[in-house]
Visitor: 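To start, I am sharing the structure in question, which I have written as structure tokens.
Residue numbers run from 1 in the order of the sequence given. Treat the numbers as computed from the prediction; the structure is a model and nothing was measured.
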Amino acid sequence: MSPPKCLDLFSNNTRGDKLYCESWRFTVETNSAGNWDLVPKSCVDFVEKYMTCGQYLSDLEAVSYNSLQFAKSLKLDDGDGGKDVWIFDIDETLLSNAPFFAAYGWGSEPYEEETWIEWQEEGLQPALPASLNLYKELQQLGFNLILLSGRYEYQRNSTDKNLQLMGYTNWGKLILRDPSEADTPATIYKSQKRKELEDEGYKIWGSSGDQWSDLMGFSLAKRSFKLPNLMYYVA
């Protein structure tokens, strides 16, 4: 049986709040909300229960299932020297920052970037189970896995350790931002890195990310898969 707090996503909310928060979630995930900053105060209870009561993990499993079905439909070239790639973002794609956001009102309270980076430097982000399973399945299918993150180059050691601790191993490349790229919008930065991969002869079959900026722009994957994220938006 589910814990009492999980029996009703809106046990403490009015019907109006329920309709509003469901609609807010829809606009966020379809990118209709645009550049939003914080979770609405009236939806904090909804977001907490979405994240902790099973729906979030179920949504991640559904995206991973669809990703794997697409991957299995492809015919890779075994002799291409690892040029068939799948790109993964890291935060909220391979690793979860839910413990951090639980301490900051499930996305309803602002926080300093320094605090965010300090949390990442601890290297204790748990793996998202569905993503870890997909990661390993894709390796078995012969994909070269490339990790493309908005994290900075000076975070390489802690990021590497965290990923390996959680079971993510044997990736082809771990691409992080150079400090000189700090002001480059995420959509442009990630598009440029994909273009560099294409110029090196890589074929990008799939891409997984929690932000639309992970997946949009140019030099796109054959198919892109959007994971849910109600915590924050990156343009």
Visitor: Fit a plane to each ring of W86 and F225, take the angle between them on a 0 to 90° scale, and name the class: parallel (under 30°), tilted (30 to 60°) or perpendicular (over 60°).
Guide: parallel

Visitor: Quick one: does NZ or CZ of R25 land under 6.0 Å from the six-membered ring centre of F46, within 45 degrees of the ring axis?
Guide: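 The answer is no, since R25 fails at least one limit relative to F46.
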
Visitor: Taking atom CD of E113 as the centre, report whether more than 12 heavy atoms of other residues, nucleotides or ligands fall under 6.0 Å from it.
Guide: no

Visitor: Restricting to non-hydrogen atoms, name the atom on P99 and the atom on S96 that form the minimum distance, rounded to 0.1 Å.
Guide: CD-O, 4.2 Å

Visitor: Is there side-chain contact between L227 and S131, with heavy atoms separated by less than 4.5 Å?
Guide: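 Of all side-chain heavy-atom pairs linking S131 with L227, at least one is under 4.5 Å.
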
Visitor: Checking L76 against F143 for the side-chain contact (heavy atoms from CB on, under 4.5 Å) test, could you report, in this order, the C-alpha distance in whole Å, the side-chain angles of both residues, the deciding distance, and whether it holds?
Guide: CA-CA 8 Å; L76 305 186; F143 286 91; 3.9 Å; yes

Visitor: Using modelled atom types only, decide if a donor and an acceptor are shared between the side chain of Q139 and the backbone of T169 within a distance under 3.5 Å.
Guide: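 Yes; judged by distance alone, with no hydrogens or angles, the pair exists.
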
Visitor: Taking the side chain as every heavy atom from C-beta outward, state whether N133 and Y65 have any pair of such atoms under 4.5 Å apart.
Guide: no

Visitor: Would you give the length of the straight line joining atom CG of N170 to atom NZ of K136, rounded to the nearest 0.5 angstrom?
Guide: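 NZ of K136 is found 10.5 Å from CG of N170.
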
Visitor: For the CG atom of D214 and the CG atom of L148, what is their distance to the nearest 0.5 Å?
Guide: 7.5 Å

Visitor: Begin from the C-alpha positions of W171 and D160 and carry the test side-chain contact (heavy atoms from CB on, under 4.5 Å) through to its verdict.
Guide: CA-CA 10 Å; W171 54 77; D160 187 301; 3.5 Å; yes

Visitor: Do L174 and I146 share a hydrophobic cluster (ILVMFWY, side-chain heavy atoms under 4.5 Å, transitive)?
Guide: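 Per the 4.5 Å side-chain linkage, L174 and I146 are not co-clustered.
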
Visitor: Give the minimum heavy-atom separation between L145 and L138, together with the two atoms involved.
Guide: CD2-CB, 3.9 Å

Visitor: More than 12 foreign heavy atoms under 6.0 Å from OH of Y154: is that the case here?
Guide: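 Yes, enclosed.
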
Visitor: Side chains of D59 and E29, heavy atoms from C-beta outward: is any pair under 4.5 Å?
Guide: no

Visitor: Regarding R151 and D91, does a basic nitrogen lie under 4.0 Å from an acidic carboxylate oxygen?
Guide: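 The answer is yes: the pair qualifies as a salt bridge.
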
Visitor: Applying the side-chain hydrogen bond (donor to acceptor under 3.5 Å, both in side chains) criterion to S191, which one of R194, K193, K195 satisfies it?
Guide: R194

Visitor: Can you name the nearest heavy-atom pair linking P228 to L60, along with the distance?
Guide: CD-CD2, 3.6 Å

Visitor: For V234, does its backbone N or O pair with a side-chain atom of S213 as donor and acceptor, under 3.5 Å?
Guide: yes

Visitor: SG of C43 to CG of L38: how many Å apart, nearest 0.5 Å?
Guide: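 If I round to the nearest 0.5 Å, the distance is 12.5 Å.
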
Visitor: To the closest 0.5 Å, what do you measure between OG (S64) and CD (E137)?
Guide: 10.0 Å

Visitor: To the nearest 0.5 Å, what is the distance between OG1 (T115) and CD (Q120)?
Guide: 11.5 Å

Visitor: Are any side-chain N or O atoms of D84 and backbone N or O atoms of D77, one a donor and one an acceptor, separated by less than 3.5 Å?
Guide: yes

Visitor: Ignoring hydrogens, what is the shortest heavy-atom contact between N144 and G82? Give both atom names and the distance.
Guide: ND2-O, 2.9 Å

Visitor: Are the side chain of Q155 and the backbone of Y152 linked by a donor-acceptor contact shorter than 3.5 Å?
Guide: yes

Visitor: Is the closest side-chain heavy-atom distance between K222 and F70 below 4.5 Å?
Guide: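 Of all side-chain heavy-atom pairs linking F70 with K222, at least one is under 4.5 Å.
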
Visitor: Does K41 come within less than 4.0 Å of E109, counting only side-chain N to carboxylate O?
Guide: yes

Visitor: If we only count heavy atoms from C-beta on, is the Y168 to L147 side-chain gap below 4.5 Å?
Guide: no

Visitor: Is the F101 ring parallel, tilted or perpendicular to the Y111 ring (thresholds 30°, 60°)?
Guide: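 Correct class here is perpendicular.
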
Visitor: Looking at S158 and E121, what are the two nearest heavy atoms and their distance?
Guide: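 Residues S158 and E121, closest heavy atoms: OG-OE2, 2.9 Å.
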
Visitor: Counting only heavy atoms not in Q140 (residues, nucleotides, ligands), do more than 12 fall under 6.0 Å from its CD?
Guide: no

Visitor: As a quick check of understanding, evaluate side-chain contact (heavy atoms from CB on, under 4.5 Å) for L68 and L141, giving each step before the final call.
Guide: CA-CA 10 Å; L68 186 57; L141 290 172; 3.9 Å; yes

Visitor: Does F88 belong to the same Ile/Leu/Val/Met/Phe/Trp/Tyr cluster as I90, with side-chain heavy atoms less than 4.5 Å apart forming each link?
Guide: yes

Visitor: Are the side chains of E92 and N97 in touch, meaning some heavy atoms are under 4.5 Å apart?
Guide: yes

Visitor: According to a 4.5 Å side-chain heavy-atom criterion applied to Ile, Leu, Val, Met, Phe, Trp and Tyr, with indirect links allowed, do L94 and V85 form part of one hydrophobic cluster?
Guide: no

Visitor: D17 and S42: which non-hydrogen atoms are nearest, and at how many Å?
Guide: OD1-CB, 3.9 Å

Visitor: Honestly curious: do L215 and Y232 fall in one hydrophobic cluster under the side-chain, below-4.5 Å linking rule?
Guide: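 No, L215 does not connect to Y232 through the hydrophobic network.
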
Visitor: Is it true that K190 and D89 make a salt bridge, defined as a side-chain N closer than 4.0 Å to a carboxylate O?
Guide: yes

Visitor: Determine, stepwise, if the pair E196 / K173 fulfils salt bridge (Lys or Arg N to Asp or Glu O under 4.0 Å).
Guide: CA-CA 12 Å; E196 291 173 10; K173 292 177 181 283; over 6 Å; no

Visitor: Mind checking whether W36 and V47 sit in one hydrophobic cluster, side chains of I, L, V, M, F, W, Y counted as touching below 4.5 Å?
Guide: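 Same hydrophobic cluster.
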
Visitor: Under the criterion side-chain contact (heavy atoms from CB on, under 4.5 Å), I'd like the reasoning laid out for E198 against I204: C-alpha separation, chi angles, the key distance, then a yes or no.
Guide: CA-CA 8 Å; E198 288 182 335; I204 306 172; 4.1 Å; yes

Visitor: Answer yes or no: is there a side-chain heavy-atom contact under 4.5 Å between Y50 and C21?
Guide: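 No; the side chains remain at least 4.5 Å from each other.
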
Visitor: When you compare the side chain of M231 with that of W106, does any pair of heavy atoms fall below 4.5 Å?
Guide: yes

Visitor: Say you draw a straight line from CH2 of W212 to OG1 of T30; how long is it, rounded to the nearest 0.5 Å?
Guide: 7.5 Å

Visitor: For E200, look at atom CD and say whether over 12 heavy atoms of other residues, nucleotides or ligands are found less than 6.0 Å away.
Guide: yes

